Number of protein chains: 2
Amino acid sequence: MKPSCKMAKSKDTTEEKILNAAKEVFMKYGLYGSRMHDIADTAGINKALLHYYFRSKEKLFDTVFSGALHKYLQQMDAFLDSSLPIRQRLNNYVDNVFSFLEEYPQMPVFIIKEVSINPELFRDRVDVLKKDKGISIIQVLEKEIELGTIRKMDTALFLINLHSLCSYPFLAAPIFKHVLKANHKNWEEYSPAKIKQSVKQFIERTLLS
Amino acid sequence: MKPSCKMAKSKDTTEEKILNAAKEVFMKYGLYGSRMHDIADTAGINKALLHYYFRSKEKLFDTVFSGALHKYLQQMDAFLDSSLPIRQRLNNYVDNVFSFLEEYPQMPVFIIKEVSINPELFRDRVDVLKKDKGISIIQVLEKEIELGTIRKMDTALFLINLHSLCSYPFLAAPIFKHVLKANHKNWEEYSPAKIKQSVKQFIERTLLS
DNA sequence: TTCTGGTTTAACTGTTTGGTTAAATCAAAA
DNA sequence: TTTTGATTTAACCAAACAGTTAAACCAGAA
């Protein structure tokens with residue numbers, strides 16, 4: 001009956017087409033701003049089939065959001081490889097965040113906005129957040145400060161700044177693109193690679209002991 | 001007939017109540033995610049009166065968005081007082097951005113998202129952007145570099161980083177609040193004042209010649 | 001008091017939206 | 001060939017939604 005127990009052979013199953021379309025539409029318009037009809041169109045199918053795979057809008061959204069949150073938190077694993085020195089770990093972490101953002105530029109805003117609208121999205125997933133990784137990063141940094149590996153600083157503030165420098169440029173790309181254009185510069189020069197470079201420069205200047 | 005030509009005496013006119021409610025709802029849910037009924041409720045009136053003041057949803061949204069864009073661009077005026085030295089100008093600029101963000105934390109995301117959904121919102125307002133201020137900031141910075149007042153750097157990248165450091169913490173506050181809580185720190189310590197301080201530190205470290 | 005204009009109530013229209021259903025296709029496996 | 005399950009088409013429903021209208025209400029000004 002249900003096609004969910006199908007093997008992923010063609011890597012382009014209808015379920016995947018739907019999920020990709022849903023990701024795209026939900027991330028752009030949010031839960032309340034999205035229409036099932038729009039998702040079906042984006043997936044290249046009809047809404048009857050959409051409801052055949054995901055019974056309701058809420059169920060589809062829940063699947064998309066869970067996946068997004070999981071992937072978002074997964075980034076932080078790169079930081080947690082305790083066998084590496086702190087600078088290497090930070091470096092890998094930023095690399096990971098950027099490759100994630102290049103794939104889903106609007107993901108952080110999507111998560112933040114939906115949670116602020118519907119706080120139970122967060123509360124209902126305490127299990128995922130139990131072993132919350134953002135927490136450990138702060139603790140690791142504070143241990144490194146004790147060890148004298150890095151300069152003494154406000155670790156939480158550092159984390160906030162770091163995320164800001166990474167996420168916001170992707171978010172604000174459409175605006176910056178316009179501003180740079182009006183300034184006779186082209187956005188392509190300010191591609192992720194260049195921005196990442198400046199983030200790492202920020203890290204170095206901050207950690208510098 | 002229309003009450004629009006009324007003097008602002010009580011400072012709490014129905015029109016203002018509507019506009020404030022519309023700001024709140026539109027900024028939270030976006031154009032497509034907002035319901036007129038919700039705006040009317042938030043304003044404490046009924047939808048008949050809502051349509052009496054603003055004929056349509058699009059017209060109301062347009063008024064809100066125009067005001068938002070105008071206020072957003074207005075911040076940049078603080079930078080343009082050419083009688084002051086560059087560091088002072090940057091300082092005032094950041095102060096201005098922060099007092100704006102404290103009042104409307106979600107404004108940058110609101111503008112960015114709505115423009116990326118509906119690009120003609122930007123195109124239709126080229127008149128406002130003709131004397132675009134973001135542009136001039138870059139040009140001013142480059143002149144200062146020529147003069148040797150500040151270190152040689154990528155000015156556009158600097159502006160992107162600066163905006164990221166200012167805007168994102170307000171945007172992501174609900175998430176950071178949770179992360180800090182789980183980390184036995186309280187968000188209040190990371191209030192705008194402290195974040196602003198770290199932004200200015202970033203500016204100093206970057207400009208340092 | 002009357003008049004005026006903001007405000008409410010409530011009913012109404014037409015459209016959109018989420019969701020369902022049944023019959024008809026269609027391709028591939030049995 | 002028959003069967004099975006994915007997919008489409010199209011009609012349908014109930015609720016939500018944007019927007020309109022008319023009558024009633026009510027406060028302050030004339």
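Below, chains carry the letters A, B, ... as their sequence lines are ordered, and counting in each starts from 1. Source: prediction; values computed, not measured.
Look at Y52(A) and you won't find any side-chain N or O under 4.0 angstrom from OP1 or OP2 of dT7(D). A sub-4.0 Å separation between OP1 or OP2 of dG19(C) and a side-chain N or O of H51(A) is present. Not one side-chain nitrogen or oxygen of T14(A) sits closer than 4.0 Å to the OP1 or OP2 atom of dA6(D). At the phosphate of dT7(C), OP1 or OP2 sits under 4.0 Å from a side-chain N or O atom of Y53(B). Side-chain N/O atoms of S56(A) include none lying less than 4.0 angstrom from OP1 or OP2 on dG18(C).
Going from atom CG of D38(A) over to atom C1' of dG18(C) covers 14 Å, rounded to whole Å. Counting to the nearest Å, the C1' atom of dA10(C) and the NE2 atom of H37(B) are 13 Å from each other. In this entry the distance linking CG of N46(B) with C1' of dC26(D) reads 14 Å, nearest Å. At whole-Å resolution of the value, CD1 in I39(B) and C1' in dA18(D) are 11 Å apart. For D12(B) and dG6(C), the CG to C1' distance is 15 Å, given to the nearest whole Å. In this structure, L49(B) atom CG and dT7(C) atom C1' are separated by 6 Å, rounded to whole Å. We find that NZ of K57(A) is positioned 11 Å from C1' of dA16(D), with the value rounded to whole Å. When the C1' atom of dT21(C) is taken as reference, atom CZ of R55(A) falls 15 Å away, rounded to whole Å.
Between M27(B) and K113(A), the shortest heavy-atom contact is O-NZ, 2.8 Å. Listed here is the closest heavy atom pair of I45(A) and L50(A): CD1-N, 4.0 Å. In terms of heavy atoms, T155(A) sits closest to I138(A) at OG1-CG2, 3.5 Å.
Remark: F202(A) engages no residue in a ring-ring contact (aromatic ring centres under 6.0 Å, His included) (not counting sequence neighbours). Remark: E144(B) pairs with T149(B) by the side-chain hydrogen bond (donor to acceptor under 3.5 Å, both in side chains) rule, at least two apart or across chains. Applying the ring-ring contact (aromatic ring centres under 6.0 Å, His included) rule to F79(B) yields the partners Y93(B); only residues at least two apart in sequence or on another chain are considered.
For an aromatic pair to be called close, the ring centres must be under 6.0 Å apart, and Y104(B) with F170(B) fails this.
Nearest-nucleotide positions on DNA chain C place I45(B) closer to the 5' end than the other of I45(B) and L31(A).
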What does the list of N/O pairs under 3.5 Å between the protein and nucleotides 12-16 of chain C look like, with a distance for each?
none

Pairs under 3.5 Å (N/O, protein and nucleotides 27-29 of chain C):
none

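Relative orientation of the Y32(A) and Y29(B) rings is tilted, given thresholds of 30° and 60° on the angle between their planes.
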Kindly list each side-chain donor-acceptor pair under 3.5 angstrom involving residues 61-68 of chain A, sequence neighbours excluded, with atom names and distances?
residue : atom : partner : partner atom : Å
D62(A)  : OD1  : R125(A) : NH2          : 3.2
D62(A)  : OD2  : R125(A) : NH2          : 3.2
T63(A)  : OG1  : K59(A)  : O            : 2.9
S66(A)  : OG   : D62(A)  : O            : 3.0
S66(A)  : OG   : R125(A) : NE           : 3.1
S66(A)  : OG   : R125(A) : NH2          : 2.9

